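For reference, the structure is listed below as structure tokens.
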Number of protein chains: 2
Amino acid sequence: MSQSDTLTPLIVDLAKREKKHQVVCEACALYRLCLPLGLHRDDLVVLDQLVKRRQSYKRKQDLFTTNDTFSALYVVRSGSFKTTISTSNGREQVTGFYFPGEFIGLDAIHMPSYQSNAIALESSSVCALPFDNLQQVGERLPRLQIQLLTRLSRELAGDKSFMLLLGKKTAEEKLATYLISLSKRFQDRGFSAQDFRLTMSRNDIANHLGLAVETISRVLTKFQGLGLVVINGKDISLKDITKMEALCG
Amino acid sequence: MSQSDTLTPLIVDLAKREKKHQVVCEACALYRLCLPLGLHRDDLVVLDQLVKRRQSYKRKQDLFTTNDTFSALYVVRSGSFKTTISTSNGREQVTGFYFPGEFIGLDAIHMPSYQSNAIALESSSVCALPFDNLQQVGERLPRLQIQLLTRLSRELAGDKSFMLLLGKKTAEEKLATYLISLSKRFQDRGFSAQDFRLTMSRNDIANHLGLAVETISRVLTKFQGLGLVVINGKDISLKDITKMEALCG
DNA sequence: CATTTCTCTTGATCTAGGTCAATGAAATTA
DNA sequence: TAATTTCATTGACCTAGATCAAGAGAAATG
């Protein structure tokens, strides 16, 4: 519905571009960060036709939910998402936050259905890479597979170091590590490493880091007292990144 | 050195088998659990030649260490391994335990060097899948790549639910979840789901679960008091798996 | 634009599990 | 097989961070 609305003009646009030997992905602002990087021109044309662009989601809207049929991988185009999983008795863990150029759904590739919930934190959009036939796509685009393997591996490595955070770090170290990680990711995306907006709630941050909301508040207040950050609601400014890095443990 | 010692006769063996259109992997006891599953006959012959078999490691010996050049993925053939990562100031997190048929090193695929340390918990052996040219291997064996993608995705999903454990579960739930997870893995490997040996130390378990050794001891003692388990040093017997599953939260 | 509902902050109190200490049991080494 | 070292268990005590409570902003909703 909202999907086909936004998609129709793009398919036309896509056809036009192809005549001119242009490729939509090449024109995308995320090109440098996204999947196509490293693909050859021919591959890119194929990829370009596979991808469903610019599906929009508003704040709190689900991209997918645990047990939904696995149909596609998603790349964030704009905005941000969180993913969560739950215990049978209802406790929930925020397993990650996702920003433009990052993949959502990689943990479901082998499965008939998604393994987590993905929810928009603000008005956001994604590109969908349909995966009804992984085998076929893979044989057609081996380099795409290598890209996926790389992405998956990188996320795995990230999750391993997140285990170190959850298992071994103090509240202050956890929050410092989290802020530095956000800062780096924003910088990679061409935004300020110093000033950014926390699109997720304090509750989401707390949950993700294995802490209580109150602890997040207290530590942020403490960091502000130390002159490490200036906080204004959801906006944060890192005043001494070096010192903050030293606090990561 | 010890590697080529054990390898030489196997290469001869390999050549012999190939003349008879046999493939070493097919004869392996782990065949059902391991990588080749889903590969076609032709692929299997190629894979078979790539794999370096039966490298042996003794207790506490490193398979690799953080920053070693990434050269191969490993599949456990026998025994068991743990992987760890560390903070700059020396705190260590056990990020996983690996049993026969499981992959080690998947988090390093995109990297020039390994991202963690892998250490044998007992006398163990592995098959190595050299990865000096992922691109080339991938184009030659697209189905192998799909297998890898699947493995990686599965490990990622496992790590996400481990985050739930680390972030949201109590000491009892953590240990119950861990024991049930081991039980399932042993069962998948054709061993008893009820009686098995904890090849890792209490310290390793505690570290992995984000707890203190003393807590592991206390909870195990409590579980034994409840008649849920019988413990004899490193041997454990799950006396009521259903009840234990209910404790996982 | 008023109201209801979330979200954030701060303070007071509590507790799960950590730390410290001592002892015993295994395993390793000599 | 004794000696040394490492590993596991148990008890006593302590603390980081959770929980509870209350109020103040924001922001969604009618």
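We use all heavy atoms of the structure for the numbers below, so side chains are in, but hydrogens, waters and symmetry mates are not. Please read all numbers here as calculations on a predicted model, not as lab measurements. To find a chain, count down the sequence lines: A is the first, B the second, and so on, and within it residues start at 1.
The nearest whole Å value for the distance from the CD atom in A/Glu214 to the P atom in D/dG17 is 14 Å. One interatomic measurement links the two molecules: CD of A/Glu172 to P of D/dA16, which rounds to 10 Å at whole-angstrom precision.
The phosphate of D/dA28 (OP1 or OP2) has a side-chain N or O of A/Arg59 nearer than 4.0 angstrom.
For the residue pair A/Thr83 and A/Ser116, no side-chain donor N or O sits within less than 3.5 Å of a side-chain acceptor on the partner. Between the side chains of A/Thr87 and B/Lys168, no donor-acceptor pair of N or O atoms lies under 3.5 Å. A donor atom on one side chain and an acceptor atom on the other are found under 3.5 Å apart for B/Ser237 and B/Lys239.
Protein chain B contacts DNA chain C from C/dG17 to C/dT28, reading 5' to 3' and using non-hydrogen atoms of the protein with a distance under 4.0 Å.
Nearer to the 5' terminus of DNA chain D, by closest-nucleotide assignment, is the contact made by B/Asn203 (compared with the other of B/Asn203 and B/Arg218).
Residue A/Thr215 is classed as a sugar-phosphate contact, given heavy-atom separations below 4.0 Å to backbone atoms only. Residue contacts shown for B/Ser201 are limited to sugar-phosphate atoms, with no base heavy atom under 4.0 Å away. Residue A/Leu211 is in sugar-phosphate contact alone, with no base atom involved, counting any heavy-atom pair closer than 4.0 Å across all strands shown. Within 4.0 Å (heavy atoms only), A/Ala212 reaches at least one base atom of the nucleic acid. Counting non-hydrogen atoms under 4.0 angstrom, B/Lys234 reaches the backbone sugars and phosphates but no base.
The pair A/Glu102-A/Arg154 fails the salt-bridge criterion, with no side-chain N (NZ, NE, NH1 or NH2) lying under 4.0 Å from an Asp/Glu carboxylate O. Comment: B/Lys234 does not engage B/Glu122 in a salt bridge, judged by the lack of any side-chain N to carboxylate O separation of less than 4.0 angstrom.
For D/dT10, its base never sits under 3.5 Å from the side chain of B/Arg202 at any donor and acceptor pair.
Ring geometry, B/Tyr114 versus B/Phe64: the interplanar angle falls under 30°, so the pair is classed parallel (tilted spans 30 to 60°).
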